[in-house]
Amino acid sequence: MSTFWSVWIIAITLFNIFGCLWLLWWTRKKPEDVIEEGENTLGHEFDGIEEYNNPLPKWWLNLFYFTIAFSLIYLLLFPGYGSYPGVFGWTSANQWEREVETADNTYNRIFRDYAKSSIEELANNPEAVKVGQRLYGNNCSVCHGSDAKGSKGFPNLTDNDWLYGGTPEAIKTTLIKGRNGNMPPMIAAVGGEQGAKDVAAYVLSLSGQTGSGDAEAGKAKFMVCAACHGMDGKGNQAMGAPNLTDNIWLYGNSEEAIIEAIAKGRRGQMPAFEETLSPEKIHVISAYVYSLSQ
Ligand code: HEC
Ligand code: HEC
């Protein structure tokens, strides 16, 4: 800010303050002007109502003087006179920095304390679980839902069915590194559309359902799936290949959903959080997620 504008602002500010002072002094009614309290009116009348011309009460007047004195002192201590920084050197930026620093000290201490406990211990600490839940709400609920029950393509985190394992370590690894579920399109490997129908019928039969294809023929072709889903179809957590024999489905249990998996493949992506969240925060969220299925 140039000196001219600084002086300009100071002049306007002081002009206003002293203007108020002058106005107070000028309109003040001297006690000797008052004839007798209650008799002295301004001379107009409306429906029998008249306006008195009494002096302002003393305390009221003093309040005005006090306000003016206060503003002058305030403007000396805090910035307000143009570019003059004020005796305290206060700025909104340095106040903000101080607040961030205090908050950092408080919260980092909490997270450092939590980091000393294992995930199992934290999962039994209601305070830590609450903190984890809030972090979950900000970072995870968009995909897994605010109740963590998931939706199509986004796994339910509250049950005991895990793509990659539900141990504290597995959950933490999932959060730090992210996960890429990768099933390639298998339509050629099963021999086209009819093959897909047959395999789908076999997959459905594993969880007690039936499809329109020939499950017996499908069973033979399931060999190509077994590399990932296992010979028994119970899945493989090292690859994130889901168990196909239970009633929990990531993409739905309809024949169409299974044929679609075979035809197009499936590619679920859980983002990595090591860049966006501190290790201490990941530790606390892991405890929250772990607590959900305990
Ligand atoms: C952009 C969407 C998205 C966000 C955000 C997200 N996830 Fe995921 N998450 C997924 C998907 C998709 C999968 C499944 C990956 C797959 O299919 O292989 C997954 C898988 C997981 C798993 C593994 C589940 C299992 O059965 O093994 C856990 C645990 C998990 N997420 C927790 C979290 C937590 C905690 C957060 C927040 C820090 C989070 N996710 C944020 C999409 C997301
Ligand atoms: C290369 C390993 C691999 C092979 C081979 C493979 N899958 Fe998968 N499959 C996966 C993975 C990984 C997922 C989970 C994808 C995800 O997380 O998005 C999956 C998901 C599925 C699903 C969805 C399950 C659900 O819960 O919704 C079905 C159904 C399925 N596979 C069937 C098959 C069939 C049938 C075959 C054989 C024709 C097959 N898969 C071959 C790795 C494989």
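Indexing begins at 1, ligand by ligand and atom by atom, following the structure's order. Count residues from 1 along the sequence. These numbers come from a predicted model, not from an experiment.
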Is there a donor-acceptor contact under 3.5 Å linking the side chains of [X] and [Y]?
X	Y	answer
Ser141	Ser146	no
Trp90	Gln95	yes
Asp198	Gln194	yes

Salt-bridge present (Arg266, Glu260; N to O < 4.0 Å):
yes
I'd like to know if Glu274 and Lys177 make a salt bridge, using a cut-off of under 4.0 Å between side-chain N and carboxylate O.
yes
May I ask you to list the atoms of ligand 1 that are less than 4.0 angstrom from any heavy atom of [X]?
X	result
Asn139	5 (C), 37 (C)
Ile285	35 (C)
Cys143	1 (C), 2 (C), 3 (C), 4 (C), 5 (C), 42 (C), 43 (C)
Val289	35 (C)
Leu157	22 (C), 24 (C), 28 (C), 29 (C), 30 (C), 32 (C)

Parallel, tilted or perpendicular: which describes the rings of Trp5 and Trp8, with under 30° parallel and over 60° perpendicular?
perpendicular
I'd like to know if the side chain of Asn105 reaches the main chain of Val100, judged simply by a donor and an acceptor atom lying under 3.5 Å from each other, with no hydrogens or angles considered.
no
Within the side chain of Glu45, is there an N or O that forms a donor-acceptor pair under 3.5 Å with the backbone of Gly48?
yes
Side chain or backbone of Pro271 under 4.0 Å from ligand 1, or both, or neither, by non-hydrogen atoms?
side chain
Give the contacting part of Leu175 toward ligand 1: side chain, backbone, both or neither, where contact means a heavy-atom distance below 4.0 Å.
side chain
Which protein N or O atoms sit under 3.5 Å from any N or O of ligand 2? Give each pair with its distance.
unit_1: ligand 2; atom_1: 7 (N); unit_2: His229; atom_2: NE2; d: 2.8
unit_1: ligand 2; atom_1: 9 (N); unit_2: His229; atom_2: NE2; d: 2.8
unit_1: ligand 2; atom_1: 18 (O); unit_2: Tyr251; atom_2: OH; d: 2.4
unit_1: ligand 2; atom_1: 18 (O); unit_2: Gly268; atom_2: N; d: 2.8
unit_1: ligand 2; atom_1: 26 (O); unit_2: Leu250; atom_2: N; d: 2.7
unit_1: ligand 2; atom_1: 27 (O); unit_2: Leu250; atom_2: N; d: 3.1
unit_1: ligand 2; atom_1: 27 (O); unit_2: Tyr251; atom_2: N; d: 2.8
unit_1: ligand 2; atom_1: 31 (N); unit_2: His229; atom_2: NE2; d: 2.9
unit_1: ligand 2; atom_1: 40 (N); unit_2: His229; atom_2: NE2; d: 2.8

Look at His144 and state whether any of its N, O or S atoms is less than 2.8 Å from atom 8 (Fe) of ligand 1.
yes
Met223 vs Met231 side-chain heavy atoms within contact, under 4.5 Å:
yes
Taking everything shown except Lys221 itself, do over 12 heavy atoms lie less than 6.0 Å from its NZ?
yes
